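Below is one structure, written out as structure tokens; comments come after it.
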Amino acid sequence: ITGIVASINLRRAAVAQGDYEVALLGNPTWREEILGLTYEIGASSFFQTQTRGAEALIEEVLAVGAFEPRDRVLDLYCGLGAFSLPIARKVAATMGVEVLDAAVEEARRNAKANGIKNAEFRAGAVEAREPQSWEAPCGDAAARTGRPPSKNTSRWDVVVVDPPRSGLHPRALERLRGMQPPRIVYVSCNPSTLARDAGQLVSDGGYHAMRLRVFDLFPQTPHLESVLLLTRQ
């Protein structure tokens, strides 16, 4: 135990995120080392509760993503960069999108601490109503690869999504279909919402489910983590 933090919730709702934090004892962050990367994690930041399980998930994402040196990768619901940073070591450019400002700042600090310069992080809601700059087929991430996409191709070669248990919001799902990335790596903690979202991507988006691997990160409970690869011809 590195410290004790009180997370204060001002609303009458059973939510995991508080409105503010008070450090009661010790350090309000801790460090995890996974696949040669060091992550500094705040008390309210999302991270897998089991270190070895997190390592297995990241290794699976790296394996099914089939990342190449010139790839452009978008990481939605990126948190503090658990997937973005190891992916960045294999590709030309990554961009992580996360709704929590504090997690975005942590991701940027973690990238800097690990000497990763080709990972960009932006704060924003994936399901926002307004068009988002990262979904358009242009921009700095594409330019850095030396291979700007044509009007008939997606800006992104791979999109990684790791949504909450509720899965992808309908607007987020529509946005993902509209971007038409060749590969989607869907990380899920809820098999039912994964099946729902993947079913729509297959039936309406032209994707094919290629590989599914399930991880029992929470032994003796019904909860499972899954990694699904979807490809689009």
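Just the heavy atoms: all of them, side chains too, but no hydrogens, waters or symmetry mates, feed the values below. It should be emphasised that the depicted structure is a prediction, and the values quoted were computed from it without experimental measurement.
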Ignoring hydrogens and angles, tell me if any N or O in the side chain of E106 forms a donor-acceptor pair with the backbone of S45 under 3.5 Å.
no

Heavy atoms, side chains only, cut-off 4.5 Å: are I87 and L62 in contact?
yes

Any side-chain heavy-atom pair of V126 and V99 under 4.5 Å:
no

For M95, is there any backbone N or O sitting under 3.5 Å from a side-chain donor or acceptor partner on D75?
no

Between N110 and Y39 (side chain of the first, backbone of the second, donor and acceptor by atom type, cut-off under 3.5 Å), is there such a pair?
no

Distance alone, cut at 3.5 Å: any donor-acceptor contact between the side chains of R72 and T94?
no

Tell me if the CZ atom of R196 is crowded by more than 12 foreign heavy atoms within 6.0 Å.
yes

Scan side-chain atoms only and decide if S7 and E21 contain a donor-acceptor pair under the 3.5 Å cut-off.
no

Look at the side chain of E98 and the backbone N and O of L100, then say whether any donor-acceptor pair between them is shorter than 3.5 Å.
yes

Tell me if the CG atom of L24 is crowded by more than 12 foreign heavy atoms within 6.0 Å.
yes

For V214 and S226, which heavy atoms make the closest approach, and how far apart are they?
CG2-OG, 4.1 Å

Check whether any side-chain N or O of Q132 sits under 3.5 Å from a backbone N or O of E130 as a donor-acceptor pair, and report yes or no.
yes

Nearest 0.5 Å please: distance from the CG atom of L168 over to the CG atom of L194.
9.0 Å

Do R232 side-chain atoms and G205 backbone N/O form a donor-acceptor pair below 3.5 Å?
yes

List the steps and the verdict of side chain to side chain contact (heavy atoms under 4.5 Å, CB included) for R177 and L201.
CA-CA 7 Å; R177 284 200 299 258; L201 288 168; 3.7 Å; yes

Which heavy atom in M179 sits nearest to a heavy atom in W156, and how many Å separate them?
SD-CD1, 4.0 Å

Sidechain N-carboxylate O distance under 4.0 Å for R52, E55
no

When you compare the side chain of D162 with that of Y186, does any pair of heavy atoms fall below 4.5 Å?
no

A66 and D71 have their tightest heavy-atom pair at O-OD2, 4.0 Å

Which heavy atom of I184 sits nearest a heavy atom of P181, and at what distance?
CG1-CG, 3.8 Å

Please determine if E60 and R211 form a salt bridge, counting it only when a charged side-chain N lies under 4.0 Å from a carboxylate O.
yes

Shortest non-hydrogen separation from A119 to A88 and the atoms involved:
CB-CB, 4.2 Å

Return the minimal non-hydrogen interatomic distance between Q48 and A54, and the atom names on each side.
CB-CB, 3.6 Å

Tell me whether D19 is salt-bridged to R11, with the criterion being a basic N under 4.0 Å from an acidic carboxylate O.
yes

For N190 and S188, does a side-chain donor sit closer than 3.5 Å to a side-chain acceptor?
no

Is the backbone N or O of C189 less than 3.5 Å from a side-chain atom of R165, with the two atoms forming a donor-acceptor pair by type?
yes

